Participant: 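Before I ask anything, here is the structure I am working with.
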2 protein chains.
Amino acid sequence: MPANRVTMADVARRAGVSPTTASFALSGRTDMRISDAARNKVLEAAAELGYRPNATARSLRTKSSQTIGFVSDAITTTPFAGEVIRGALEAARAKEHLLFITETGGDRAVESGLVNGLLDRQVDAVIYAAMYTHYVTPPPELHGRRVVLLNCLAPGFDAPSVIPDEIEAGRTAGRALLAAGHTDGIWAIGGHQAVPATPDGIFAGIERMRGLQEVFRDAGARLNGVAECDWNTEDGYREVGRLLAEGHRPRALVCSTDRVSFGAYQALAEAGLSVPRDVSIVSFDDQDIAGWLKPALTTVALPHHELGRRAVELILEDGPLSASSHRVPMPLRERDSIGPARPAN
Amino acid sequence: MPANRVTMADVARRAGVSPTTASFALSGRTDMRISDAARNKVLEAAAELGYRPNATARSLRTKSSQTIGFVSDAITTTPFAGEVIRGALEAARAKEHLLFITETGGDRAVESGLVNGLLDRQVDAVIYAAMYTHYVTPPPELHGRRVVLLNCLAPGFDAPSVIPDEIEAGRTAGRALLAAGHTDGIWAIGGHQAVPATPDGIFAGIERMRGLQEVFRDAGARLNGVAECDWNTEDGYREVGRLLAEGHRPRALVCSTDRVSFGAYQALAEAGLSVPRDVSIVSFDDQDIAGWLKPALTTVALPHHELGRRAVELILEDGPLSASSHRVPMPLRERDSIGPARPAN
DNA sequence: CGCACTTGCTAATCCGATTTAACGGAGGTC
DNA sequence: GACCTCCGTTAAATCGGATTAGCAAGTGCG
């Protein structure tokens, strides 16, 4: 890759000034007095030569690379994916920063190697991200560095976390159902333990249920039951099928993910039940599929884009970062899967 | 971000040798003779001090940053997304390289700014990627640099392209149907022009149809018709609905994307038709949803992961890059949406 | 014994910027 | 006229490594 041929020395020479003057003129610093004449000569020479600064050389001296490392356990997996990165990229671009994206696959050795690679390249900060919200322990290499945790929590690790506001999301879902008049015949599909391995249960599931129960309690509504299962399409299909087979007649479903909802749609269709006439559904995530379903799915969106953006904005703010958690709101995407409650039949 | 405190000079001092010796010992070069004793002293000192090289400083001298720029018009949009990056990341990691990921949003000014940012940071090469296969004209800044085009073609631009083998994919889809005995009553949904704006029509669509027609011709089978439409769920739903309404009775559908297939499933279900008993479906893409559908969708996969991997492998190979196109095979994911052809009714 | 050759290591540069310290000339003061 | 102070500018050092040129001690050989 033929490097930038033109150096600042070339520009200085052409402008007939010293490299020092060229440097000050180009960086536009005002604390060193440069005459307008000299500045213009330099700028002109730089333009004529097509001068581009060598960020590597600059970074060596200034200790700032205008670069951020993004370390994630997985970036591809649904639903925590491209949007996060897009949000991060956007915020980074607004501040002239570039992002090194890496993926560890959950392997500690790989993670360590990647973090070192990032640090060796003098990144100004690193975003430590997780695919689903849970507790993590960042690698030792990151201690004392400028870090923001994205979609994860690390008690004892001194860095801010940016996470979705799942409690409020639970409330939002609950209110959506209540607003349509649903107070009974409501089942949750998915529940708490999507990822059994997680020490404290699944963060998102627990918080959502808490928020949901809270507004239900306040409104005198009740959850008939929770079908605990994984959060995939087949789980939703199976559990709703089972519910129906057991003779239950749910009038509203709170599904943990849009995938679960899709499974619910399939089971309901097989049973000849219509959404939202017979059964209303409110979901979480807002994956693409939510808009493809018929009827389109009303769901509480995971604010991927916003999470990525906030993390970068936070990390690029001036001043030290303190341990704190930033909860990003999860907006309701109102579509067509919630219908008015009908009197019990 | 507190930089790496320990420099090579520190290591040299501690080992009681010159920085030169330390440099050679650490880089493990054999063309300069270093005694085992000295080498060990250096290595030991480095380990004790927790020395980490400053890649920025190194890159300044060596002109190699072990870094690749990835420029894409969009990275988030389905279906061309995370998997590509994952493949690229994997291949890069295998060669100790890091990736700068950027997204232009299709804006030339943004693209130019991003590419310059990449070049300023002395990336060794850049991958110029597109979300869907089409013709592009890379920005002038990239001329003469080490570039690999990913999922796009740029006639006149001297760089290799890595693209999915859509012609063969068309053949694969055709053969899948033929193997099940389908030779008639076959309709294509989606067709050629998913992206009307593209000069030569949609690359993928055209090539797939060509491959499909080819094997059909050879086998004496025929396509009853092509419903030209966009490639989204609603288009599949609408077009299949229309086909049915017009009195057609398709026995097999070739859908341009899994989204279109999903729409077809919906329309078929409404009409009381069963997949694959009444209608067989073969699709393209292999998005997640293909596995979630009931019955699961048989589809020809876009080799996202492999595309990303190949592009990076190619770019990291020694020697100059020449204009050429590398077609990555699109494997058939056999699931349950193709059933045996039944005698015409 | 003396010359050529190795071997093992180091001093000095360089990469392309930023930054510090200082310098020459103009203008002002007494 | 001597002394100061600004101003605009520049020489030189620096960042952390890689690389080139060369140096001193040891070896081989006639």
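Letters A, B, ... are given to chains in the order of the sequence lines, protein chains preceding strands, and every chain is numbered from 1. From a predicted model like this one, the values you see are computed outputs, not experimental measurements.
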Participant: Where along residues 36-46 of chain A does a heavy atom come under 4.0 Å from DNA chain C, residue by residue in number order?
Facilitator: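 Heavy-atom cutoff 4.0 Å gives no residues at all.
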
Participant: Could you state the CG-P distance from A:D10 to C:dC15, rounded to the nearest angstrom?
Facilitator: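 Atom CG in A:D10 sits about 11 Å away from atom P in C:dC15.
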
Participant: Among B:T62, B:T56, B:L60, which residue satisfies the side chain to side chain contact (heavy atoms under 4.5 Å, CB included) criterion with B:R58?
Facilitator: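 One option only clears the test, and that one is B:T62.
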
Participant: Would you mind reading off the distance between A:I34 atom CD1 and C:dT18 atom P, rounded to a whole angstrom?
Facilitator: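 These atoms are roughly 12 Å apart.
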
Participant: Please report, rounded to the nearest Å, how far the C1' atom of C:dT19 is from the NZ atom of A:K63.
Facilitator: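 It is 13 Å, rounded to the nearest whole Å.
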
Participant: For B:D107, check side chain to side chain contact (heavy atoms under 4.5 Å, CB included) against everything at least two apart and list the hits.
Facilitator: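 Once residues adjacent in sequence are excluded, the partners of B:D107 under the side chain to side chain contact (heavy atoms under 4.5 Å, CB included) criterion are B:A109, B:V110.
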
Participant: How many angstroms lie between CZ in B:R13 and CG in B:L49, if you round to the nearest 0.5 Å?
Facilitator: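 Separation between the atoms: 9.5 Å.
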
Participant: OP1 or OP2 of D:dA18 less than 4.0 angstrom from a side-chain nitrogen or oxygen of B:S27, does that happen here?
Facilitator: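 So the side chain of B:S27 is outside the cut-off, no N or O lying under 4.0 Å from OP1 or OP2 of D:dA18.
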
Participant: With salt bridge (Lys or Arg N to Asp or Glu O under 4.0 Å) as the rule and sequence neighbours excluded, what pairs involving residues 151-165 of chain B come up?
Facilitator: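 For residues 151-165 of chain B, and leaving out neighbouring residues, the salt bridge (Lys or Arg N to Asp or Glu O under 4.0 Å) pairs sorted by first residue read B:D165-B:R327.
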
Participant: Atom CE of A:M8 and atom C1' of C:dT18: how far apart are they, to the nearest Å?
Facilitator: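 Rounded to whole Å, this separation is 7 Å.
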
Participant: Is the phosphate of C:dT18, meaning OP1 or OP2, less than 4.0 Å from a side-chain N or O of A:S23?
Facilitator: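 It does, given that an N or O in the side chain of A:S23 lies less than 4.0 Å from OP1 or OP2 of C:dT18.
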
Participant: Can you check whether A:Q66's main-chain N or O pairs, donor with acceptor, with B:R121's side chain at less than 3.5 Å?
Facilitator: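 Answer holds: yes.
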
Participant: Is there a donor-acceptor contact under 3.5 Å from the side chain of A:D73 to the main chain of A:G105?
Facilitator: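 It does not hold such a pair.
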
Participant: Give the rounded distance in Å between these two atoms: CZ of B:F24 and C1' of D:dG16.
Facilitator: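 After rounding, the gap between these two atoms is 15 Å.
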
Participant: Of all residues at least two apart in sequence or in a different chain, which pass the side-chain hydrogen bond (donor to acceptor under 3.5 Å, both in side chains) check with A:R108?
Facilitator: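 With sequence neighbours excluded, A:R108 shows a side-chain hydrogen bond (donor to acceptor under 3.5 Å, both in side chains) to A:E111, A:T137, given in chain and number order.
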
Participant: Could you check how far CG of B:L49 sits from P of D:dG17, rounded to whole Å?
Facilitator: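 After rounding, the reported distance stands at 12 Å.
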
Participant: I want to verify a distance call: between D:dT19, D:dA11, C:dT19, whose nearest atom is closest to the B:R29 side chain?
Facilitator: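 Of the options given, the side chain of B:R29 lies nearest D:dT19.
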
Participant: Are any side-chain N or O atoms of A:D124 and backbone N or O atoms of A:I68, one a donor and one an acceptor, separated by less than 3.5 Å?
Facilitator: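 No; zero donor-acceptor contacts below 3.5 Å.
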
Participant: Suppose we screen for side-chain hydrogen bond (donor to acceptor under 3.5 Å, both in side chains). Which residues come up paired with B:S35, at least two apart in sequence or across chains?
Facilitator: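 Here no residue qualifies.
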
Participant: The criterion is side-chain hydrogen bond (donor to acceptor under 3.5 Å, both in side chains); which residues satisfy it with A:T21, sequence neighbours excluded?
Facilitator: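 So A:T21 forms a side-chain hydrogen bond (donor to acceptor under 3.5 Å, both in side chains) with A:S18.
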
Participant: Could you check how far CG of A:N54 sits from C1' of C:dT18, rounded to whole Å?
Facilitator: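 The distance from CG of A:N54 to C1' of C:dT18 comes to 13 Å, rounded to the nearest Å.
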
Participant: Taking A:S161 for the side chain and A:I163 for the main chain, is one N or O donor matched with an acceptor at less than 3.5 Å?
Facilitator: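 Not a single qualifying donor-acceptor pair exists.
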
Participant: Listing time: all N or O pairs from protein to nucleotides 5-7 of chain D that are below 3.5 Å?
Facilitator:
none

Participant: Tell me which donor-acceptor pairs under 3.5 Å the side chains of residues 306-318 of chain B have, and how far apart each pair is, sequence neighbours excluded?
Facilitator:
from, atom 1, to, atom 2, distance (Å)
B:R309, NH1, B:E313, OE2, 3.2
B:R309, NH2, B:E90, OE1, 2.5
B:R310, NH2, B:H326, ND1, 3.2

Participant: For A:R58 and C:dC15, what is the distance between atoms CZ and P respectively, to the nearest whole Å?
Facilitator: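 Whole-Å distance recorded here is 19 Å.
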
Participant: Quick test of your reading: applying ring pair (Phe, Tyr, Trp, His ring centres under 6.0 Å), list the pairs with at least one residue in residues 92-119 of chain A, sequence neighbours left out, ordered by first then second residue.
Facilitator: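 Every ring pair (Phe, Tyr, Trp, His ring centres under 6.0 Å) pair that includes a residue of residues 92-119 of chain A, provided the two are not neighbours, is A:F100-B:F100.
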
Participant: Output one line per pair: protein atom, nucleotide atom from nucleotides 12-14 of chain D, and distance, for all N/O pairs under 3.5 Å.
Facilitator:
from, atom 1, to, atom 2, distance (Å)
D:dT14, O2, A:R61, NE, 3.4
D:dT14, O2, A:R61, NH1, 3.0

Participant: Please report how far the helix from C:dC1-D:dG30 to C:dC30-D:dG1 bends, comparing the axis fitted to its first five pairs with the axis fitted to its last five, to the nearest 10 degrees.
Facilitator: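 Rounded value for the end-axis angle: 60°.
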
Participant: Of all the choices, D:dT10, C:dG16, C:dC9, which nucleotide is nearest to the side chain of A:T21 once you look at every atom?
Facilitator: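 Of the options given, the side chain of A:T21 lies nearest D:dT10.
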
Participant: Checking B:T102 now: which residues fulfil side chain to side chain contact (heavy atoms under 4.5 Å, CB included) with it, not counting sequence neighbours?
Facilitator: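 By the side chain to side chain contact (heavy atoms under 4.5 Å, CB included) rule, B:T102 matches A:L98, B:V71, B:L114, B:L118.
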
